Amino acid sequence: MKTEPDAFSITDLKNSPKKTASWEGVRNYQARNFMRDEMKKGDLVLIYHSSCKNIGVAGIAEVVRESHPDLTALDKNSPYFDPKATEDEPRWYMVDVRWIETFKEVISLAELKEEKKLENMTVVKKGSRLSITPVSLVEFNHIKKMAAKA
DNA sequence: GCCAACGTTGGC
DNA sequence: GCCAACGTTGGC
């Protein structure tokens, strides 16, 4: 899961009540579908910091609540307001994630790109804008191993 | 249903 | 701040 640390970093997640936050504000159908259809309670998640000084994987979180409506879409005062969302058809969904681990150092995008095992990872590919992308078990374990070395 | 125009993302 | 790569919108 990508996030801009200036807006919401892995530290913000750690400092949230119960170290848990709803992943609100996703307004892209593919990303929404991943949350709505694929992400299950107990699934582990890599937290990726984008559009910042220190780009890369910052740590690990866990899905603690499966898909439920993202009601910020109904809130006119929210930056995530969507006039097409209604109570009956909320249109946007989110999961809740809980902080598990912050890596000692962010594993940079440049480092990720150097790893042969990660060459098919969506996030290292050019022009990858999707804010939520699947990670294979092999990729996940490999990144965890890289983190342990840091 | 096509596709051009436009808006957004995100690395550099 | 630039720009490439996408996603979305809306006219036809």
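For the numbers below, each heavy atom of this structure counts, side chains included, while hydrogens, waters and symmetry mates do not. Predicted model only: the values in this text are computed from it and were never measured.
In this structure, the CE atom of M121(A) is 12 Å from the P atom of dG11(B), given to the nearest Å. Rounded to an integer number of Å, the gap from R129(A) CZ to dT8(B) C1' is 6 Å. Straight-line distance from the CE atom of M1(A) to the P atom of dT9(B): 16 Å, rounded to whole Å. A straight line from NZ of K125(A) to C1' of dC12(B) spans 21 Å, rounded to a whole angstrom. In this structure, the CG atom of D6(A) is 15 Å from the C1' atom of dG11(B), given to the nearest Å. Nucleotide dG7(C) holds its P atom 8 Å from the CG atom of L130(A), rounded to whole Å. Regarding E4(A), its CD atom lies at a distance of 12 Å from the C1' atom of dG11(B), rounded to whole Å. Note: CH2 (W92(A)) to C1' (dG7(C)) measures 10 Å, nearest angstrom.
No hydrogens or angles considered: nothing links the side chains of H49(A) and E4(A) as a donor-acceptor pair under 3.5 Å. The closest side-chain donor-acceptor pair between T20(A) and D96(A), if any, does not fall under 3.5 angstrom. Between the side chains of T86(A) and E89(A), no donor-acceptor pair is found at a separation under 3.5 Å. Between the side chains of T72(A) and D70(A), at least one donor-acceptor pair of N or O atoms lies under 3.5 Å.
In this structure, K113(A) reaches the sugar-phosphate backbone alone: every heavy-atom distance under 4.0 Å involves primed, P, OP1 or OP2 atoms, never a base.
The OG atom of S22(A) sits 10.0 Å away from atom CE of M35(A), with the distance rounded to the nearest 0.5 Å.
Using modelled atom types, one side-chain atom of T3(A) and one backbone atom of F8(A) make a donor-acceptor pair closer than 3.5 Å.
Between D82(A) and R91(A) there is a salt bridge, since at least one side-chain N of the basic residue sits less than 4.0 Å from a carboxylate O of the acidic one. With respect to the salt-bridge test (charged N to carboxylate O, under 4.0 angstrom), the residues K41(A) and E66(A) do not qualify.
At dA5(C), one or more side-chain N or O atoms of K126(A) fall inside 4.0 Å of OP1 or OP2 (strictly under the cut-off). A sub-4.0 Å separation between OP1 or OP2 of dG11(B) and a side-chain N or O of Y48(A) is present. Between K2(A) and dG10(B), a side-chain N or O to OP1/OP2 separation shorter than 4.0 Å is present.
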Would you sort out whether D43(A) and V95(A) count as a side-chain contact (heavy atoms from CB on, under 4.5 Å), showing the intermediate values? CA-CA 11 Å; D43(A) 283 355; V95(A) 298; over 6 Å; no

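A heavy atom lying under 4.0 Å from DNA chain C marks the following residues of residues 27-37 of chain A, by number: N28(A), Y29(A), Q30(A).
The C1' atoms of five pairs define one axis at each end of the helix from dG1(B)-dC12(C) to dC12(B)-dG1(C), and these two axes lie 10° apart (to 10°).
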